[in-house]
Student: 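Okay, handing you the structure first.
Heads up: numbering here begins at 1 and tracks the sequence. On a predicted model such as this, the values are computed, not experimentally measured, just so you know.
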Amino acid sequence: MFKDVLKSVFAFVISITFVSCQSNDNEEEGINENSPSKRIKTITMIQGDATEVNEYSYDAQGRPKRVTSTYFYSSAPNGSTHTTEYTYYGDVKIISKTTGRTYSNHEFIYTISNGLIVNVEYDERRPYSFYHTFSYDENGYINSASGEDEIMNFKWTDGNLTQYQYNGQYPSSTTWEYSNELRPKNWIGYWKGTNMDENLQMLGLWGKMPIYLPSKQIRNSKEVFIEYEKENGDIVKVIYNDPSDPIPTPEIYLIDWELVPTTE
């Protein structure tokens, strides 16, 4: 499950970015309750007897450079690790490559136009590969992602993502309800099954984000409730609860922040 979380992220799990590297003049997109000089250091994800620890590093421009992920299970107490590295080619292309025991050739190639990712090509183990094209509306919100045999549609209402519809081999629909709490500007969301790398969302490459923090996710009639905990204005814990689970096993995300190094 957790290997799916990092690259294809479950519907609207929350990730983090830092506003010092990506300014935004649209105040309606959320408020910055966190220090603008903070960025993510680690995210620890826990569910049942499984734990995933993700450690982040950045390049001199403050862009994601490397994410090292270590998984611990009851059957693998010593952990299993893979690393994703990002290479930037000006403002037109990014390549991310994941290496590790089970990720010998896990590569994404992103093409950028006008500051937004417009297509992504993926090739893990030849001959299997796929290609997705992304489109955005006139306001900068993503509205569709399409591949050879599938299409994903995004519906936005009053500045919030309210529905994600997947039409492919296994059709699904996900909707969200929102709290009255504004989303901090350095608090970013991402979506499962769209090949949308949450680490690149740090750079604003997937368009605008919702105004408010989501409080509930409904995927194919299954409800999941989302709670947040803060310390000194920083979101340090996110809990996803599924009341329908016979044995409650919430997904828990622990976030550790660090100060962005100052430049002379």
Side-chain angles (χ1 to χ4, degrees), residues 6-9 14-30 32 34 36-41 43 54-68 83-99 105-124 129-147 152 154 156 159 161 183-191 194-211 258-264:
L6 257 189
K7 276 294 176 190
S8 302
V9 193
I14 301 299
S15 186
I16 299 94
T17 189
F18 44 93
V19 298
S20 61
C21 300
Q22 186 73 25
S23 62
N24 194 324
D25 295 329
N26 185 354
E27 292 301 323
E28 293 186 355
E29 286 192 27
N32 178 25
N34 306 61
S37 61
K38 285 188 178 181
R39 64 188 181 189
I40 192 64
K41 181 179 180 182
I43 301 177
N54 300 286
E55 301 175 87
Y56 294 77
S57 63
Y58 304 87
D59 66 13
Q61 287 73 46
R63 301 172 300 188
K65 178 182 179 181
R66 183 182 299 108
V67 180
T68 301
T83 299
T84 300
E85 299 205 28
Y86 298 87
T87 304
Y88 299 87
Y89 298 86
D91 58 359
V92 296
K93 184 172 70 172
I94 300 172
I95 294 179
S96 70
K97 187 169 185 178
T98 302
T99 57
N105 184 24
H106 186 90
E107 186 172 274
F108 287 80
I109 302 171
Y110 302 89
T111 301
I112 303 168
S113 177
N114 297 319
L116 296 171
I117 292 173
V118 292
N119 59 57
V120 55
E121 185 175 1
Y122 169 67
D123 191 352
E124 180 178 8
S129 65
F130 63 65
Y131 184 90
H132 276 164
T133 299
F134 299 85
S135 66
Y136 304 82
D137 66 18
E138 65 277 9
N139 296 314
Y141 293 100
I142 188 168
N143 56 21
S144 70
S146 58
M152 291 146 276
F154 301 80
W156 296 80
L161 178 65
R183 175 187 60 81
K185 284 187 177 179
N186 55 353
W187 190 253
I188 302 300
Y190 46 92
W191 307 277
T194 62
N195 309 316
M196 296 172 67
D197 187 324
E198 75 278 9
N199 300 315
L200 297 181
Q201 180 60 52
M202 292 182 177
L203 305 176
L205 295 175
W206 299 113
K208 292 183 177 179
M209 298 306 300
I211 295 174
E258 69 178 6
L259 293 176
V260 176
T262 58
T263 56
E264 299 297 334

Student: Does the D197 side chain pair with the main chain of N199, one donor and one acceptor, at a distance under 3.5 Å?
Tutor: yes

Student: Tell me yes or no: between the side chains of S135 and S144, is some donor less than 3.5 Å from an acceptor?
Tutor: yes

Student: Could you grab the distance from atom CZ of F134 to atom OG1 of T111, nearest 0.5 Å is fine?
Tutor: 10.5 Å

Student: Answer yes or no: is there a donor N or O on one side and an acceptor on the other, between the side chain of R183 and the main chain of P210, under 3.5 Å?
Tutor: yes

Student: Got S96 and Y110 here, is their nearest side-chain heavy-atom distance under 4.5 Å?
Tutor: yes

Student: Atom CD1 of I142 and atom CZ of F154: how far apart are they, to the nearest 0.5 Å?
Tutor: 4.5 Å

Student: Can a cation-pi geometry be assigned to R39 and Y56, taking NZ or CZ under 6.0 Å from the six-membered ring centre and within 45° of the ring axis?
Tutor: no

Student: Tell me the closest heavy-atom pair linking K208 and W156, and the distance in Å.
Tutor: O-CH2, 3.6 Å

Student: Kindly indicate, with the supporting measurements, whether the criterion side-chain contact (heavy atoms from CB on, under 4.5 Å) is fulfilled by K38 and L259.
Tutor: CA-CA 4 Å; K38 285 188 178 181; L259 293 176; 3.9 Å; yes

Student: Is K97 paired with E85 through a side-chain N to carboxylate O contact shorter than 4.0 Å?
Tutor: no

Student: Please step through side-chain contact (heavy atoms from CB on, under 4.5 Å) for the pair I117 and Y136, ending with a clear verdict.
Tutor: CA-CA 10 Å; I117 292 173; Y136 304 82; 4.3 Å; yes

Student: Would you compute the distance between atom CG of L116 and atom CG of L205 and round it to the nearest 0.5 angstrom?
Tutor: 7.5 Å

Student: Rounded to the nearest 0.5 Å, what's the gap from CZ on R66 to CG on D59? Could you check?
Tutor: 10.5 Å

Student: Tell me, do P64 and L203 make a side-chain contact under 4.5 Å, heavy atoms counted?
Tutor: yes

Student: For L200 versus Y88, what's the shortest heavy-atom pair and its separation?
Tutor: CD2-OH, 4.2 Å

Student: Determine the minimum heavy-atom distance between N139 and D137, stating which atoms define it.
Tutor: N-OD1, 2.9 Å

Student: Is the number of heavy atoms from other residues, nucleotides or ligands under 6.0 Å of D91 CG greater than 12?
Tutor: no

Student: Mind checking the CD-CD spacing from E121 to E107? Nearest 0.5 Å is all I need.
Tutor: 9.0 Å

Student: Do Y89 and I112 come within less than 4.5 Å of each other through their side chains, counting heavy atoms only?
Tutor: no

Student: Look up atom CZ in F108 and atom OG1 in T84, then write down how far apart they are to the nearest 0.5 Å.
Tutor: 9.0 Å

